[in-house]
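Written below as structure tokens is the structure these notes are about.
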Amino acid sequence: MSELLSAALLGTARSAPSFEGLATGALAQSVGGDPAETLLGAAALENAYRDGGVAASTRVLPAPAEDDPRVQLPPASAAHLMQLLAAKSWTLTEWFAVVAERGYRAPDHLVADLMAVARTNDTHRESILRLAGPRGQWLAAQNPDWSMLIRRSDRTDVWTHGAHQERLLWLTTMRAVNPAIAMAELRRTWDAERGEHRAAFIAVLGTGLGDADAGLLEHALDDRRKEVRQQAVQLLRQLPNSAYAERMAARARAWVRVEAKPLRTRLVVNMPGSLDDSARRDGIEDVHFKNKGIRSWWLRMVVTAAPLSVWEGMIGSASSALEIRIEDQWREVMTEAWTNATVLQRNPRWASALLHREGRKTERRVVPIVPARERLAYILSGHADSYLLGVDGAALFEGLPHPWPLDLAARVIARLEDVAGRHAETGKDLGQFSRHSHYSTLRSAETHFPFTAAPLFRAAAERTRDPGWQQAFASVAANIDHRRTVLKELE
Amino acid sequence: MTSPWSEGQVASVAPDAGSLAAAAKLSAAWSQTGSNGHALWGLCQGSGKSPYRSVVDLSGPAYNCSCPSRKFPCKHALGLLLIWSQGRVPEQSEPPSFANDWLGLRAGRAAAARTAPPATTSAGAKSAERRAERVAAGLDELDLWLTDQIRGGLGAADISASAFDAVAARMVDAQAPGIASALRRLPIVVATRADWPGRLLREYARLHLLVVAHRRLSELPEPLQATVRSHVGYPVATDSVRGEPGIRDRWMVLGMQTTEEKRLFTRKVWLLGRDHGRRAILLDFAHGSAHFPTVIPPLGSLVDATLHFYPGAAPLRAQFGDTHEAPEPFTTVAPGDIDTALDDFAAAVGADPWIRSWPALLTGVTPAFDGGHWFVVDAQGRALPLSGEDPVLWRLLGMSGGSPVTVFGEWTSDSLVPVSVFDRGDVYPLVAGTPSTATARSRR
């Protein structure tokens, strides 16, 4: 065939085709016409001969995928899954939670499509991979495009031999799956890593952070690279049981004391004139803070990083600490630093005290740290009505047990009806009372309200005079029903 | 009267998964819905002031909606079907006026088609003669062009898309559309394949052989004449195919695929006769949307019916004639091995050298991806190369998980292009554009 092809490439005007190498060569000689026609005829003949004469080759089969003993997803759910993923449905989080609890596996015919989705879907990647199970992992091991989806903890060869980006990805993933393994691997190689790589790796440790990480972070305080030291301080401030926290506590006790005189107990601050090297090592820097002087900054750093238990020991409960009289010069710094410490240490006692004291003014980062039960009571008592639907209100709902209790849903619906009523008066499409302005609340309702809230929405739709809101209520009800349908299928 | 569809049936007419999900969300937006057993209608409140008017003619099915969506059927028509499948559309004897206009129009058109007079034969014969002359003249020109390319050398020839397009346009004028479309595929071959010179020579040889065969058409046996005519692109009247002797069998639907090119939708359905082992392909075309005039049994079902084959030396394309029993699911297929698949193809190429592919059923083969190449391997370790789009091949590999499955596909001269896969009594389509799970579910 190659002789025919080279003659065709060169042109029969310049080269005569040879038919000798052809299986059908003898017959080709008999094809009539000029050389070009003969060549085309011979090619047609040879092609047909070869097409009909193809034989099988031989191959060794690879090892099959590990068996997955879990139960297969019910067929209706499997059908809906791809639709939910395509529509990026808000129900998926809840759906995957039920799937994980019931221990379902994906049907085989969906595994490849699921892996393709897992590649681009950051939100549900781990859930999808869990559903796809060992067969998904078996596929991922064969497809170079899916190497990032391999989740086997024995794949430390990526960590020991991979390129920097692969290693970073491995560490990030492993931190989410098994923080201890990730830390052990990182600790093993830490001193041999390049400076910029250490900075990248330490930034990942925020995920799965725990007391076991304190050792490496303490070590990182002496790093040559500034980003590494700063990142270590950031993370250590979140660990109130560490040696770092203990040193900060000692500083706090040295600088701040309670002066107890009859009827006028107050907090007195006594700042040092200069910082020693150990304080600088712990990340306390000479920075002017809001024109209040360097010492305000030092105090802020120390109070932010000291365990909140220091103050409980010194003053009493969180709420009595927040009530104590403080010298004017330091009061604002102390309150801000306590708020920061509450957020960093995720301290529920202090968060509650702050919410009850500050009410609507409570910093948004603090609200979700208040225990869910207390937040619910707070909402149901009517204290939160004024900002239930506002942007800040979202912090109140964060991390509430799912689904939300019906009385909370009822309260939110009542507020929404109120807004709908005011919107009907304006007669405009947009504005602060429109359904568009409450998009995220409506979304939360679809996602988190109990199924029993759907009739409440339908009733609200019937009462509402504003057509836009009427439609919004009806569609939330329908979406809650849809959610119930897809979740029921999993049973 | 038509009983409400299952949700799976609704899913099977959805253009994509997103549309179906969007349709499900509309369930609260409906008003004035109704059904008379032949059609469905309803008003769907969207974001605008006036609601969309949606009508479904179940006999087609055909869809009509006042929304601006370019998907077909749109989410409103799907939504209407969904609430109907949930038993939420009330019976009504008379459609409201917004539905009646369109339904009336359709009924009128269908009646007109039934009563249209057949073309008179003498005029038909005369135009066929004229056509044959034009084709013959066109093919002579094509052969001149082909031999010129070979004489001057493929290395020096103009292989730009516009060069092929010019010849293709000439073939359209010469009423040889089959040849025109073969020529229009060549630029892709040149642009995407490293071995394009060999491919080009292959295609040129194929066309030259067709020209030679057409020149001696009257000397060829009758079936081969039909084969040549069909590759050139002579039209075949549907009625004349119905006139061919029918073959009754229990036909299994092994594969189904819908493709689109420039708004022309093509549906390909592969059948295998359970009792006599004959293969058949049903081809349907639709302009503008994937809405085909004929109704076919679902993938994975078996139907006792008579098929009429288009005449040819290696007949494959067919039409449904009478159906004797309603379709029912099948769960087993007769064994098929690599040798049989290759022998079938060799026999087909022997009869029709222009054939590009032939249906192949391989039971108990394991798909494998090895060193960047795809294969199916049988229990003896014998392998055939696989080709196709990446998602299709990964889907196939995921289905098997390294264990033997039954693969149905098309054997081209150098690889198997998988179409569907059978596993534990279920059949799954592999090709894109088919809602895989819906089809699998509608079987249960």
Side-chain angles (χ1 to χ4, degrees), chain A residues 1 4-5 8-14 34-37 39-41 43-44 47-48 50-65 75-76 78-79 81-84 86-87 89 108-113 115-116 135-136 138-139 142-143 471 474-475 477-479 481-482, chain B residues 8 11 16-18 20-22 24-29 45 146-147 150-156 197-198 201-202 204-206 208-209 212 338 342 345-346 349-350 353 366 368-370 375 377 381-384 391 394-395 397-399 401-403 413-414 423 428 436-438 440-441 444:
Chain A
M1 203 63 190
L4 277 192
L5 185 57
L9 276 168
L10 213 55
T12 48
R14 268 170 287 174
D34 75 3
E37 285 175 277
L39 190 152
L40 285 172
N47 277 332
R50 289 183 175 218
D51 286 354
V54 173
S57 59
T58 54
R59 288 273 150 180
V60 179
L61 279 176
L81 171 58
M82 298 318 283
Q83 292 166 20
L84 293 172
S89 165
D108 298 338
H109 70 275
L110 284 188
V111 170
D113 288 4
M115 296 304 278
R135 181 159 297 199
W138 179 83
L139 270 187
Q142 300 188 61
N143 189 339
Q471 171 70 26
S475 101
N479 285 336
D481 286 345
H482 180 64
Chain B
D16 51 53
L20 197 60
K25 287 194 171 182
L26 294 174
S27 78
Q45 184 66 51
L146 287 171
T147 46
I150 298 300
R151 224 167 270 130
L154 292 179
L201 176 59
R202 188 186 174 90
Y204 284 179
R206 197 174 177 275
H208 171 76
L209 188 64
V212 172
I338 289 179
L342 293 176
F345 184 70
V349 169
T366 308
F369 183 60
D370 180 10
F375 296 94
V377 189
R382 297 183 317 148
L384 287 184
W394 285 108
R395 218 169 277 154
L397 197 62
M399 268 297 300
S403 302
S413 55
D414 51 15
D423 189 28
Y428 300 91
S436 60
T437 48
R441 196 153 58 94
R444 285 164 201 276

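Throughout, a chain's letter reflects where its sequence line sits, starting with A, and its residues are numbered from 1.
Here B:Ala205 is the residue among B:Ala205, B:Ala156, B:Ala346 with the most heavy-atom pairs under 4.5 Å with chain A. Ranked by heavy-atom pairs under 4.5 Å with chain B, the list A:Asn47, A:Leu39, A:Val111 is led by A:Asn47. Across B:Leu384, B:Ile338, B:Val349, the residue that shares the most heavy-atom pairs under 4.5 angstrom with chain A is B:Val349.
Heavy atoms only, all atoms of each residue included: B:Ala383 and A:Arg59 are closest at CB-CG, 3.4 Å. Nearest heavy atom pair, residue A:Ala56 against residue B:Leu342, reads N-CD1, 4.0 Å. B:Gly402 and A:Pro64 get closest at one heavy-atom pair: O-CB, 3.6 Å.
Within the 4.5 angstrom heavy-atom criterion, atoms from both the backbone and the side chain of B:Tyr204 approach chain A. Both the backbone and the side chain of B:Leu397 come within contact range of chain A, with heavy atoms under 4.5 Å apart.
Within the model, atoms CZ of B:Phe375 and CG of A:Leu61 stand 11.5 Å from one another, a figure rounded to the nearest 0.5 Å. Within the model, atoms NZ of B:Lys25 and OG of A:Ser89 stand 6.0 Å from one another, a figure rounded to the nearest 0.5 Å.
Between B:Pro197 and A:Leu5 the shortest side-chain heavy-atom distance falls below 4.5 Å. By the 4.5 Å heavy-atom criterion applied to side chains, A:Leu40 and B:Leu201 are counted as neighbours.
Distance alone, capped at 3.5 Å, is enough to place a donor-acceptor pair between the A:Arg135 side chain and the B:Met399 backbone.
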